Amino acid sequence: MLRAESVSFGYDGGFTLTDANVAIAAGSLTGLLGPNGCGKTTLLKLLSGVLRPRTGRVMLGDRVLNSMTRRELARHIASVPQETHPAFDYSVMEMVLMGRHPHLSAFQLEGPADFEIARQALDATGTRHLAARNYMTLSGGEKQRVVIASALAQSTEVLLLDEPTASLDLGYQLDVASLLARLNRERSVTMVLATHDLNLVASLCERLVVMRDGRILAAGPTREVLTGETVRQLYDVEADVQFHQRAGHLTVIPVRRTS
């Protein structure tokens, strides 16, 4: 459904992403894994159409993203950034209703159908009881679920998430991971999750794309890609990667630096 074909991108005087090839299957939950500064966020922005590749192309189905308007892209692809800082004191309901904007014409106000979609998104993320609260008064975990609700209200088939559990405590990390798994399972939302949390992708993602220094090192099923050797290549860390019977997925335990 969503793919990057020989995509390269560079910032002036800085980071360069080189010859990236990624294929994201419809309905899949794919992890984008790598150390800080490896290019995960840049690749997500290319996949969302926020950035345009210098060479190569990004395709959604049979269409090139560059040929689509911003409004059209927003009807197909929603993004959840690392942090959200609204310019005004919006309520939770107002934040979620922003997800409906790509479906409204200029100066059109949200109607009953839009409010119903927003309420369904709040229900799906367990945040409906927060609808009247000021967004900025929420905890970190609550804010993240509200932002995900706003993305769901866009009614897109693709959801791109950049470090969705960063700065959250362990309980909220589990809550967000469980929420994403349920949304993927029940709504068949195609998800790409960028993170450096090895155990998060091990528990959540069926496929992985691993990156370092602006290059994709490997891609494939999580159980095949997430190995001790992969961890060493990515982080210069020796780690034990084993299947945890009780957890039901691979777990990664760092042992020591290799350099």
Side-chain angles (χ1 to χ4, degrees), residues 2 4 7 9 11 14-15 17 20 22 24 29-53 58 60 65 68 70-102 118 121-122 124-125 127 130 134-169 172-173 175-177 179-180 183-184 189-197 200-201 204-205 209 211:
L2 181 64
V7 166
F9 179 85
Y11 298 99
F15 173 82
L17 180 73
V22 179
I24 308 298
L29 207 169
T30 301
L32 186 55
L33 186 65
N36 292 331
C38 72
K40 300 188 299 296
T41 297
T42 298
L43 182 55
L44 275 190
K45 289 180 177 179
L46 288 162
L47 291 175
S48 69
V50 171
L51 296 177
R52 293 192 172 196
V58 180
L60 180 63
L65 259 58
M68 302 169 70
R70 297 302 309 162
R71 181 177 292 273
E72 190 176 8
L73 273 171
R75 291 173 179 168
H76 294 280
I77 302 173
S79 298
V80 175
Q82 291 186 35
E83 295 182 344
T84 301
H85 301 287
F88 301 99
D89 290 333
Y90 294 111
S91 71
V92 166
M93 176 58 82
E94 288 171 332
M95 290 288 293
V96 176
L97 282 171
M98 290 179 190
R100 300 304 302 156
H101 290 179
L122 289 167
T125 55
T127 53
L130 302 172
N134 183 309
Y135 172 79
M136 293 306 296
T137 68
L138 304 181
S139 69
E142 289 169 337
K143 286 179 179 177
Q144 193 69 320
R145 286 187 288 153
V146 168
V147 174
I148 293 171
S150 181
L152 289 178
Q154 280 185 233
S155 302
T156 65
E157 62 264 36
V158 180
L159 180 59
L160 308 179
L161 305 106
D162 194 2
E163 301 285 5
T165 60
S167 303
L168 299 183
D169 66 32
Y172 281 128
Q173 289 179 30
D175 288 346
V176 170
L179 168 63
L180 296 178
L183 294 174
N184 173 257
V189 179
T190 304
M191 296 185 187
V192 181
L193 165 68
T195 185
H196 55 263
D197 188 330
L200 176 65
V201 297
L204 192 59
C205 300
V209 175
M211 301 180 64

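If you read the sequence from its start, that first residue is 1, and numbering goes on from there. Keep in mind it's a predicted model, so treat the numbers as computed, not measured.
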Looking at residues at least two apart in the chain, or sitting in another chain, which of them share a side-chain contact (heavy atoms from CB on, under 4.5 Å) with [X]?
X: E163; value: K40, Q82, A166, T195, H196
X: P86; value: T84, Y90, M95, Y135, M136
X: S91; value: M93, E94
X: C205; value: L29, L193, V201, L208, T222

query = Of V158, L160, L183, T30, which meets side chain to side chain contact (heavy atoms under 4.5 Å, CB included) against M191?
reply = L183

Restricting to non-hydrogen atoms, name the atom on [X] and the atom on [Y] that form the minimum distance, rounded to 0.1 Å.
X: A121; Y: A153; value: CB-N, 4.1 Å
X: L204; Y: A177; value: CD1-O, 3.3 Å
X: P102; Y: G99; value: CD-O, 3.4 Å

Taking atom [atom1] of [X] and atom [atom2] of [Y], what is their separation to the nearest 0.5 Å?
X: L47; Y: L65; atom1: CG; atom2: CG; answer: 8.0 Å
X: L2; Y: I77; atom1: CG; atom2: CD1; answer: 5.5 Å
X: N184; Y: L159; atom1: CG; atom2: CG; answer: 9.5 Å
X: R145; Y: L168; atom1: CZ; atom2: CG; answer: 10.0 Å
X: L46; Y: L17; atom1: CG; atom2: CG; answer: 6.5 Å

side-chain hydrogen bond (donor to acceptor under 3.5 Å, both in side chains) partners for [X], two or more places apart:
X: H76; result: E157
X: D89; result: none
X: S48; result: none
X: T41; result: D162

request  = For L179 and T125, run side-chain contact (heavy atoms from CB on, under 4.5 Å): C-alpha distance rounded to whole Å, both residues' side-chain angles, the deciding distance at 0.1 Å, then the answer.
outcome  = CA-CA 7 Å; L179 168 63; T125 55; 3.9 Å; yes

query = Can you name the ring-ring contact (aromatic ring centres under 6.0 Å, His included) partners of F9, sequence neighbours left out?
reply =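 F9: ring-ring contact (aromatic ring centres under 6.0 Å, His included) contacts with Y11.
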
ask   = Hey, are S155 and R100 close enough side-chain-wise for a donor-acceptor pair under 3.5 Å?
value =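 Yes - a donor-acceptor pair under 3.5 Å links their side chains.
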
task = Would you please test L33 and V209 for side-chain contact (heavy atoms from CB on, under 4.5 Å) and show each step?
result = CA-CA 6 Å; L33 186 65; V209 175; over 6 Å; no

Partners passing salt bridge (charged side-chain N to carboxylate O under 4.0 Å, His left out) against E72 (at least two apart in sequence or in another chain) = R63

ask   = Are any of the side-chain heavy atoms of L200 and Q173 separated by less than 4.5 Å?
value = no

message = Contact between L180 and I148 at the side-chain level, heavy atoms closer than 4.5 Å - yes or no?
response =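 Answer yes - side chains close enough.
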
[X] side chain to [Y] backbone, donor-acceptor under 3.5 Å:
X: R75; Y: R70; result: no
X: E142; Y: S139; result: yes
X: T156; Y: L152; result: no

